[in-house]
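Contents: one structure, followed by commentary.
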Amino acid sequence: MQNELVSSIYETLLGKIGHLHWWPADTPFEVVIGTILTQQTKWTNVEKAIDALKSSDLMEPEKLAVEDVEQIEDLVRCCGFYRQKARRLKDIAEFFATEGMDNIFSLPTKELRDLMLSLKGVGNETADSIVLYAADKPKFVIDAYTTRIMKCIGIEGNYMQLQRLFESELPSEVPLYKEYHALIVEYAKNYCGKKQCNDCILLHRFKDREVKNG
DNA sequence: CACCAGGTTGACC
DNA sequence: GGTCAACATGGT
């Protein structure tokens, strides 16, 4: 029986870490930029690139869409994969400028997710991050950390399977989804390494729980 | 020096 | 459906 497992993990993480209030950004468009830049990249480097884009007055779809891609490459180089990221940021900016951010973000959740997935450079996690943190709609974000933590506890699954698990066991509340994903990232970075767990309270508390009650 | 970071894509089976 | 190399810089 694991119908309380997902909520219990949340309470545990919240108790240990406290509220994080993600996503750190001034505007929805800045969230979108951040979701692309942070792919396989430390957030400290993303911050540098975002600051650079702001300093160049490019943190708006209409302005980024018409900037030279070479210039964008220079500004986001510190994030790695800088050529494809620069190209994709420019294309995404053009899309948002053309369609209108408000029009896009006011779409129903599923339509918005599918639309984001149609953009080059936007996969499952990035699409869900945009839906949740930029558009404020309930979609639970799964990432490598989430997959790792759940596997550590004894629950394996692909992206959509894990997302279904979280969304089916949690109330569909945007603030909860936002905070939970943030807590998972912060927790995993510090306590659930790729090779070994360091004093992992989740492991101690929840592993084999479903077996005992099953 | 080796390894990792808040993934995605296109090719392949 | 799943797997894999490629994409690239910066920090430990």
Please list all pairs meeting ring-ring contact (aromatic ring centres under 6.0 Å, His included) that have one or both residues in residues 80-115 of chain A, counting only residues at least two apart or in different chains. A/Phe96-A/Phe105

Should we say atom CZ of A/Arg83 is surrounded by more than 12 heavy atoms from elsewhere, each under 6.0 Å from it? no

With P as the reference atom in both, quote the distance from B/dC1 to C/dA8 in angstrom, rounded to an integer. 22 Å

Consider only side-chain N and O atoms of A/Asp128 and A/Gln163, and report whether a donor and an acceptor are under 3.5 Å apart. yes

Quickly work out the A/Gln161 CD to C/dG1 C1' distance and round it to whole Å. 10 Å

Is atom CG of A/Asp102 surrounded by more than 12 heavy atoms (other residues, nucleotides or ligands) closer than 6.0 Å? no

Taking only residues two or more places apart in sequence, or in another chain, which ones meet A/Glu167 in a salt bridge (Lys or Arg N to Asp or Glu O under 4.0 Å)? A/Lys139

Carboxylate-amine/guanidinium contact A/Asp74 A/Arg77, below 4.0 Å: yes

Selected nucleotide, minimal atom distance to A/Asn158 side chain, candidates C/dG2, B/dG7, C/dA8: C/dG2

Identify the residue among A/Tyr159, A/Tyr177, A/Tyr133, A/Tyr10 that makes a ring pair (Phe, Tyr, Trp, His ring centres under 6.0 Å) with A/Phe140. A/Tyr177

Where along nucleotides 8-13 of chain B does protein come under 4.0 Å, by heavy atom, of base (B) or sugar-phosphate alone (S), with - for untouched nucleotides? SSS---

Testing the basics here: between A/Ile92 and A/Lys120, what is the closest heavy-atom pair and its distance to 0.1 Å? CD1-O, 4.2 Å

Would you tabulate the nitrogen or oxygen pairs shorter than 3.5 Å linking the protein to nucleotides 10-12 of chain C?
unit_1	atom_1	unit_2	atom_2	d
C/dG10	N2	A/Lys42	NZ	3.3
C/dG11	OP1	A/Lys48	NZ	3.2

Looking at every strand, decide which applies to A/Tyr82 at a 4.0 Å heavy-atom threshold: base, sugar-phosphate, or nothing. sugar-phosphate

Please list residues of residues 130-139 of chain A whose heavy atoms come under 4.0 Å from any atom in DNA chain C, ordered by number; otherwise none. none

Using a 4.0 Å heavy-atom cut-off, does A/Lys85 contact any base of the nucleic acid, only the sugar-phosphate backbone, or nothing at all? nothing

NA contact type, A/Arg148, heavy-atom cut-off 4.0 Å: base, sugar-phosphate, or nothing? sugar-phosphate

What are the residues of residues 51-60 of chain A, sorted by number, that bring a heavy atom to within less than 4.0 Å of DNA chain B? none

Within the 4.0 Å heavy-atom criterion, would you say A/Ala144 contacts the bases, only the backbone, or no part of the nucleic acid? sugar-phosphate

Determine: side-chain N/O of A/Gln40 to OP1/OP2 of B/dG7, distance under 4.0 Å, yes or no. yes

